[in-house]
Amino acid sequence: MKKLVLSLVLVVGLAFAANAQQGGGGQRRPQMTPEERVKQLDEKVKLTDEQKTKVTAVYAEAAEAQKKMREEMMAGGGTPDRAAMMEKMTKMTAETDTKLNAIFTAEQKTAYKTWQDEVKAAREKAMKERQAGGGGK
C-alpha cells in the first residue's frame with residue numbers, strides 16, 4: 001500500500017513539473033528580445049532605420065537593467081519582495097517610455113500612446129477575466 005501511495009505521489013509530482021516546464025501553472029512566456037520588440041513597435045509607429053537603431057539600444061539597456069534587478073532580488077534569498085519589484089519595474093518602464101518618446105516624432109508619439117492604451121486595456125481585461133475565473137486562455 002505504501003508503494004502505491006508513493007508511486008501516486010511521484011506521478012502527480014512529475015505531472016506538475018512537466019506542466020510547469022511547458023509554461024503551465026501561470027508562468028510567464030519568455031521576454032521578447034530587443035530586436036523583436038523593435039519589430040513589433042515598428043509595425044505600430046513606423047520607425048526609420050536610424051530610429052530602429054536607437055530604439056534597439058533603449059530596449060537592450062532596459063532588458064539588461066531588468067535582468068540585473070531580478071538577479072539582485074533573487075540573490076537576497078527567500079521570497080522576493082513583489083511590491084518592491086513591481087515598483088522598480090514600473091519606474092523602469094516609465095524611464096524606457098521617456099527615452100522612446102525622445103526618439104519619436106509627434107505623430108509617432110501619438111501612435112505609441114494609442115498602442116500603449118490598447119495594450120493596457122487588454123491586460124486589464126485579461127486580469128479581470130482571470131479573477132472572475134474565466135481563465136482567459
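Since this is a predicted model, take the numbers as computed values, not measurements.
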Rounded to the nearest 0.5 Å, how far does NZ of Lys44 lie from CD of Glu118? 6.5 Å

Nearest 0.5 Å, please: how far is CZ in Arg123 from NZ in Lys125? 15.0 Å

Can you get from Val119 to Phe104 by hopping between Ile, Leu, Val, Met, Phe, Trp and Tyr side chains that sit under 4.5 Å apart? yes

Looking at Met92 and Gln66, what are the two nearest heavy atoms and their distance? CE-N, 3.4 Å

Compare every heavy atom of Glu43 with every heavy atom of Lys46, then report the nearest pair and how far apart it is. NZ-O, 3.1 Å

Name the atoms and distances for all side-chain donor-acceptor pairs under 3.5 Å in residues 51-64, with sequence neighbours left out.
{"from": "Gln51", "atom 1": "OE1", "to": "Thr48", "atom 2": "N", "distance (Å)": "2.9"}
{"from": "Gln51", "atom 1": "OE1", "to": "Thr48", "atom 2": "OG1", "distance (Å)": "3.4"}
{"from": "Gln51", "atom 1": "OE1", "to": "Gln108", "atom 2": "NE2", "distance (Å)": "2.9"}
{"from": "Gln51", "atom 1": "NE2", "to": "Ile103", "atom 2": "O", "distance (Å)": "3.1"}
{"from": "Gln51", "atom 1": "NE2", "to": "Gln108", "atom 2": "OE1", "distance (Å)": "2.6"}
{"from": "Lys52", "atom 1": "NZ", "to": "Asp42", "atom 2": "OD2", "distance (Å)": "3.4"}
{"from": "Thr53", "atom 1": "OG1", "to": "Asp49", "atom 2": "O", "distance (Å)": "3.3"}
{"from": "Lys54", "atom 1": "NZ", "to": "Glu50", "atom 2": "OE2", "distance (Å)": "3.2"}
{"from": "Thr56", "atom 1": "OG1", "to": "Lys52", "atom 2": "O", "distance (Å)": "2.7"}
{"from": "Glu61", "atom 1": "OE2", "to": "Lys99", "atom 2": "NZ", "distance (Å)": "2.6"}

Does atom NZ of Lys109 have more than 12 heavy-atom neighbours, drawn from other residues, nucleotides or ligands, at distances under 6.0 Å? yes

Does atom CD of Glu35 have more than 12 heavy-atom neighbours from other groups under 6.0 Å away? yes

How about [X] and [Y]: do any of their side-chain heavy atoms sit closer than 4.5 Å?
X      : Y      : result
Gln40  : Trp115 : yes
Lys39  : Met32  : no
Tyr112 : Asn101 : yes

Does Lys120 form a side-chain contact (heavy atoms from CB on, under 4.5 Å) with Gln116? I'd like the steps, not just the answer. CA-CA 6 Å; Lys120 183 178 178 182; Gln116 292 300 92; over 6 Å; no

Apply side-chain contact (heavy atoms from CB on, under 4.5 Å) to Gln31 and Lys67, showing your working. CA-CA 11 Å; Gln31 186 172 347; Lys67 178 182 175 188; over 6 Å; no

